[in-house]
Amino acid sequence: MDLELRGRVAVVTGGALGIGRAVARELVKEGVSVVIAARRRHLLEETAKEIEAELGGRVVPLVADTTSTTSVRAMMDAAAGELGRVDILVNGAAAPSGLVRNSVDEADPDLLLTDLNTKVVGYFRCAQAAAPHMRKLGYGRILNIGGLTGRSSHALSGMRNLAVVHMTKALSDQLGPFGITVNTVHPGVVETEHIHELYEKEAAKQGITPQQVEQNFIDRTPIRRVLTAQEVARTLCFLASPHAGGITGESLGIDGGLTRGIFL
């Protein structure tokens with residue numbers, strides 16, 4: 001299926017590693033020129049070189065900190081200046097400290113604030129900076145990467161993903177008249193560089209091996225396997241395309257059926 005994305009320009013935050021990197025690769029395959037943004041320049045440059053060497057296309061690494069409005073605006077303006085336009089924004093940046101999983105007695109409020117500032121307000125900063133470029137085109141796709149913790153009580157940081165869903169719906173109302181759609185996806189257990197850190201932390205907490213933690217996830221997932229980052233990326237590419245123009249304000253789980261809740 002031709003997604004009709006050739007010639008578009010995308011900005012992917014958190015694009016140096018994991019799902020962000022997979023999204024950048026899949027977009028390049030579809031003929032999209034991609035800006036990848038994150039805090040660490042060396043990782044961005046390595047990823048850009050790897051994708052271009054493998055697939056060709058154009059991948060531009062730009063350093064940005066989503067906790068800074070100035071940094072985000074400078075990055076978005078540089079992206080538009082370098083590539084001529086911004087059609088697609090994939091928000092994937094997250095706090096370097098990771099999820100706040102501690103109990104209420106142990107959780108650090110400052111880490112929670114950093115988490116919310118990086119992901120929720122950071123996503124908003126990026127959307128705010130991208131929207132004027134998209135309005136000029138009469139076309140835009142803003143895709144927010146949330147997480148299943150927003151649908152459960154396992155981690156205090158789940159509040160960030162719940163807030164992202166609310167923001168997604170609010171922005172979809174405001175930007176829809178300009179041809180801009182806004183959606184959130186919630187990846188499940190995905191094979192990335194960071195998943196093994198989760199296995200190790202959970203193993204230490206439960207007194208079992210990391211392999212047993214992984215198997216427990218697999219056993220609880222109807223498709224009986226861990227997802228790949230490429231699977232998540234392909235879904236995001238579809239949502240970024242003209243074919244998904246009727247989908248906006250939605251929150252989609254890409255989790256192999258791991259969550260059992262019914263969401264209307």
Say you draw a straight line from [atom1] of [X] to [atom2] of [Y]; how long is it, rounded to the nearest 0.5 Å?
{"X": "L198", "Y": "E214", "atom1": "CG", "atom2": "CD", "result": "10.5 Å"}
{"X": "I51", "Y": "R58", "atom1": "CD1", "atom2": "CZ", "result": "13.5 Å"}
{"X": "R25", "Y": "K29", "atom1": "CZ", "atom2": "NZ", "result": "5.0 Å"}
{"X": "T181", "Y": "R141", "atom1": "OG1", "atom2": "CZ", "result": "4.0 Å"}

Do R6 and E30 pass the side-chain contact (heavy atoms from CB on, under 4.5 Å) test, and can you show the C-alpha distance, the side-chain angles, and the key distance before you say yes or no?
-> CA-CA 6 Å; R6 188 164 300 279; E30 296 292 336; over 6 Å; no
For [Y], does its backbone N or O pair with a side-chain atom of [X] as donor and acceptor, under 3.5 Å?
{"X": "T221", "Y": "I223", "value": "no"}
{"X": "T228", "Y": "E231", "value": "yes"}
{"X": "T13", "Y": "G92", "value": "yes"}
{"X": "E26", "Y": "Q230", "value": "no"}

When clusters are formed by joining ILVMFWY residues with side-chain heavy atoms under 4.5 Å apart, either directly or through shared neighbours, do L62 and L43 land in the same one?
->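 Per the 4.5 Å side-chain linkage, L62 and L43 are not co-clustered.
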Same cluster for V165 and V121 if Ile/Leu/Val/Met/Phe/Trp/Tyr side chains link at under 4.5 Å?
->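 In one cluster with V165: V121, no.
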Sidechain N-carboxylate O distance under 4.0 Å for E193, R21 |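 Answer for the salt bridge query: yes.
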Does atom CZ of R224 have more than 12 heavy-atom neighbours from other groups under 6.0 Å away?
->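 Buried by this count: over 12 neighbours within 6.0 Å.
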Heavy-atom count around H243 NE2 within 6.0 Å, excluding the residue itself: above 12?
->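 Atom NE2 in H243 is packed in, count exceeds 12.
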Do T184 and E250 come within less than 4.5 Å of each other through their side chains, counting heavy atoms only?
->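 Sidechains of E250 and T184: no contact.
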Going by heavy atoms in the side chains, are F124 and V164 under 4.5 Å from each other?
->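 No; the side chains remain at least 4.5 Å from each other.
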Under the 6.0 Å and 45° cation-pi test, does R8 pair with Y139?
->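 Flagged: R8 positioned over aromatic ring of Y139.
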Any donor-acceptor N or O pair under 3.5 Å, side chains [X], [Y]:
{"X": "N216", "Y": "Q212", "answer": "no"}
{"X": "N117", "Y": "R125", "answer": "yes"}
{"X": "K119", "Y": "N161", "answer": "yes"}
{"X": "T118", "Y": "T66", "answer": "no"}

Checking side chain to side chain contact (heavy atoms under 4.5 Å, CB included) against V12, which of L236, L143, L27, I19 comes through?
->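 So the option named by the test is L27.
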How are the rings of Y199 and F217 set to each other: parallel, tilted or perpendicular (split at 30° and 60°)?
->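 Because their plane-to-plane angle lies in the 30° to 60° range, the rings of Y199 and F217 count as tilted.
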Step by step, would you call N183 with L252 a side-chain contact (heavy atoms from CB on, under 4.5 Å)?
-> CA-CA 8 Å; N183 291 290; L252 174 67; over 6 Å; no
